[in-house]
Amino acid sequence: SRGAFPAQVLRHASSLLDCELAHSGDVNYYAFRGTLPQNASAFRAQIALAARDAGRGATALLNFAGLWQTAYGDVAAYADAVQDLLGDAKRQFAKVWLVDTTAVFPHHLLGRAACDRKASLLDDVSTSVARKKAAMTEARVEALNAAARGVATKLGVRVVDVWSPTALSPDDALVPMDMRHHGPATTTAVAATLL
């Protein structure tokens, strides 16, 4: 069946899925960017576009820009917006799955600086960069995932756990010091989970 994959960090996984399905062209990727509920109308438009492109019988796997939410969003407002958007998606797709937000590893960016700036091995990380990433913690990822899962359960939407394969791979950063983008081994594990 045709599928649409609105997500941000799952772009590489969706490419691998299309490969796994012998370049079927049935996997489409649409990026959600920004936080909910501020960008809810843009997210809604992306869902409608994905439904139109995918056609009848399509499956949507939705990850509502979880890493943006982790950095800048509000958990309660996020849960309310996810409820509205999942309900909207259920009216347009044959099947809807919620995809968890992937794990983050702030220590990749800060090294030991989180505990003792003088002992940091990564003193080239500027204070402004560190401040921008201050809210992007694993505790916030887990809070957002729990809120979204609660909404999904209430609506009868199943959840794909891509948090676990990413949480179990702390040594597979895409590039050194990258705290949120995962390398090829983890991406392959996420794609396998989605399949």
Side-chain angles (χ1 to χ4, degrees), residues 1-21 24 26-36 43 46-47 50 54 58-73 75 78-79 81-83 85-86 89-90 93 95-109 133 135-175 178-195:
S1 67
R2 289 183 61 80
F5 293 77
Q8 180 183 11
V9 296
L10 300 178
R11 180 180 73 236
H12 297 297
S14 67
S15 295
L16 284 173
L17 283 177
D18 196 40
C19 266
E20 191 70 24
L21 297 171
S24 63
D26 288 344
V27 177
N28 301 311
Y29 169 81
Y30 303 85
F32 288 148
R33 290 190 170 86
T35 57
L36 289 173
F43 286 23
Q46 287 291 72
I47 291 171
T59 296
L61 289 112
L62 304 170
N63 171 274
F64 295 113
L67 293 177
W68 283 84
Q69 305 298 334
T70 303
Y72 307 112
V75 175
Y78 175 67
V82 165
Q83 180 168 318
L85 291 168
L86 284 179
K90 283 185 71 172
F93 286 91
K95 293 181 184 175
V96 175
W97 294 72
L98 178 71
V99 179
D100 272 343
T101 294
T102 53
V104 296
F105 302 99
H107 62 274
H108 285 189
L109 176 71
K133 305 292 187 186
M136 192 175 278
T137 65
E138 188 53 30
R140 286 208 14 105
V141 169
E142 291 175 15
L144 286 162
N145 279 341
R149 281 174 171 263
V151 168
T153 299
K154 188 165 62 171
L155 294 175
V157 172
R158 295 181 69 184
V159 178
V160 182
D161 175 13
V162 299
W163 176 84
S164 292
T166 59
L168 294 171
S169 61
D171 296 327
D172 188 32
L174 186 60
V175 294
D178 194 328
M179 61 183 279
R180 63 195 177 109
H181 296 111
H182 301 277
T186 306
T187 300
T188 301
V190 169
T193 301
L194 293 173
L195 277 170

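In plain terms, the two heavy atoms of D172 and A185 that are nearest each other are OD2-N, 3.4 Å. For the residue pair T59 and F93, the shortest heavy atom distance occurs at C-CD2, 4.1 Å. Nearest heavy-atom pair, P165 versus T193, reported as atom, atom and distance to 0.1 Å: CG-OG1, 3.9 Å. What you find for R149 and D161 is that their closest heavy atoms are NH2-CB, 3.5 Å. In terms of heavy atoms, R33 sits closest to F43 at O-CE1, 3.2 Å. Of all heavy-atom pairs spanning L85 and I47, the tightest one is O-CD1, 3.9 Å.
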Practice problem: Go through the steps for Q69 and T101 under the test side chain to side chain contact (heavy atoms under 4.5 Å, CB included), then give the verdict. | Solution: CA-CA 9 Å; Q69 305 298 334; T101 294; over 6 Å; no

Exercise. Could you walk me through whether V159 and W97 pass side chain to side chain contact (heavy atoms under 4.5 Å, CB included), step by step?
Key: CA-CA 6 Å; V159 178; W97 294 72; over 6 Å; no

Self-check item: Candidate pair V99 and F64, rule side chain to side chain contact (heavy atoms under 4.5 Å, CB included), full reasoning
Solution: CA-CA 8 Å; V99 179; F64 295 113; over 6 Å; no

Exercise. Kindly indicate, with the supporting measurements, whether the criterion side chain to side chain contact (heavy atoms under 4.5 Å, CB included) is fulfilled by N63 and F32.
Key: CA-CA 8 Å; N63 171 274; F32 288 148; over 6 Å; no

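Considering CD of Q83 and NZ of K154, their distance stands at 4.0 Å, rounded to 0.5 Å. In this structure, the separation between OG1 on T153 and CZ on R158 is 11.0 Å, given to the nearest 0.5 Å. With values rounded to the nearest 0.5 angstrom, T70 atom OG1 is found 7.5 Å from N145 atom CG. Separating the CG atom in L36 from the OH atom in Y78 is a distance of 7.0 Å, to the nearest 0.5 Å.
For T166 and T102, the side-chain atoms include no donor-acceptor pair closer than 3.5 Å.
Remark: the backbone N or O of F105 is not paired with any side-chain donor or acceptor of E138 at under 3.5 angstrom. Within the 3.5 Å criterion, the main-chain N or O of H182 finds no donor-acceptor partner in the side chain of T186. When atom types are taken as modelled, the side chain of K90 and the backbone of L155 share a donor-acceptor pair closer than 3.5 angstrom.
Considering T188, L194, T187 as possible partners of V190, the one that fulfils the side-chain contact (heavy atoms from CB on, under 4.5 Å) test is L194.
Not counting sequence neighbours, R140 has no partner by the salt bridge (Lys or Arg N to Asp or Glu O under 4.0 Å) test.
Side-chain contact check for Y72 versus M136: every heavy-atom pair is 4.5 Å or farther apart. The shortest distance between side-chain heavy atoms of L98 and V160 does not fall below 4.5 Å.
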